[in-house]
Amino acid sequence: MIVSRFGYAPAIFVTNCLIHMYIRCSKIQYAHNLFERMAQRDAISWNAMVFGYTGIRNMGIAKNMLDSMLKRDEVSWNVLISGI
């Protein structure tokens with residue numbers, strides 16, 4: 001997680017923005033590492049990762065991410081289907 005030497009941990013919104021940035025810059029591994037280190041994840045976090053993996057046509061990991069989600073919504077399914 002991004003933590004300064006003062007112990008600051010960013011809000012989930014900031015972390016989600018960073019994940020989106022990494023995905024748009026084609027740095028899915030950076031996005032995944034950040035996602036794995038998140039203390040708390042929301043639907044936006046999960047959907048971003050599914051979107052990232054469908055974007056690079058790695059449908060196996062995208063499906064595994066979707067299966068790991070606690071709460072799926074319409075966006076989750078649409079993101080996965082858009083990669084097919």
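All figures in this text were calculated on a predicted structure; none of them were measured in a lab.
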* **Same apolar cluster (I L V M F W Y, side chains within < 4.5 Å links), F51/I44** => no
Enumerate donor-acceptor pairs with a distance under 3.5 Å from any side-chain N or O in residues 24-31 to protein atoms, sequence neighbours excluded.
unit_1, atom_1, unit_2, atom_2, d
Q29, NE2, N33, OD1, 3.1

Minimum heavy-atom distance [X]-[Y], with the two atoms named:
| X | Y | result |
| --- | --- | --- |
| V75 | N47 | CG1-ND2, 3.6 Å |
| Y22 | L34 | CE1-CD2, 4.1 Å |
| A48 | I23 | O-CD1, 3.0 Å |

With a 4.5 Å cut-off on side-chain heavy atoms, are [Y] and [X] touching?
| X | Y | value |
| --- | --- | --- |
| M59 | L80 | yes |
| F35 | T15 | no |
| M38 | N16 | yes |
| R72 | D67 | yes |

* Under 3.5 Å donor-acceptor, R41 side chain and M69 backbone -> no
* What do the steps show when you test S45 against I12 for side chain to side chain contact (heavy atoms under 4.5 Å, CB included), and what is the final call? -> CA-CA 8 Å; S45 312; I12 194 166; 4.3 Å; yes
To the nearest 0.5 Å, how far apart are [atom1] in [X] and [atom2] in [Y]?
| X | Y | atom1 | atom2 | result |
| --- | --- | --- | --- | --- |
| D73 | N78 | CG | CG | 8.5 Å |
| T54 | L66 | OG1 | CG | 10.5 Å |
| S68 | M49 | OG | CE | 11.5 Å |

* To do: Let me see the working for Y53 and H32 under side chain to side chain donor-acceptor pair (under 3.5 Å), right down to the final yes or no.
  => CA-CA 10 Å; Y53 281 111; H32 188 90; 3.0 Å; yes
* Asked: Considering residues, nucleotides and ligands other than E74, do more than 12 of their heavy atoms fall under 6.0 Å from its CD?
  -> no
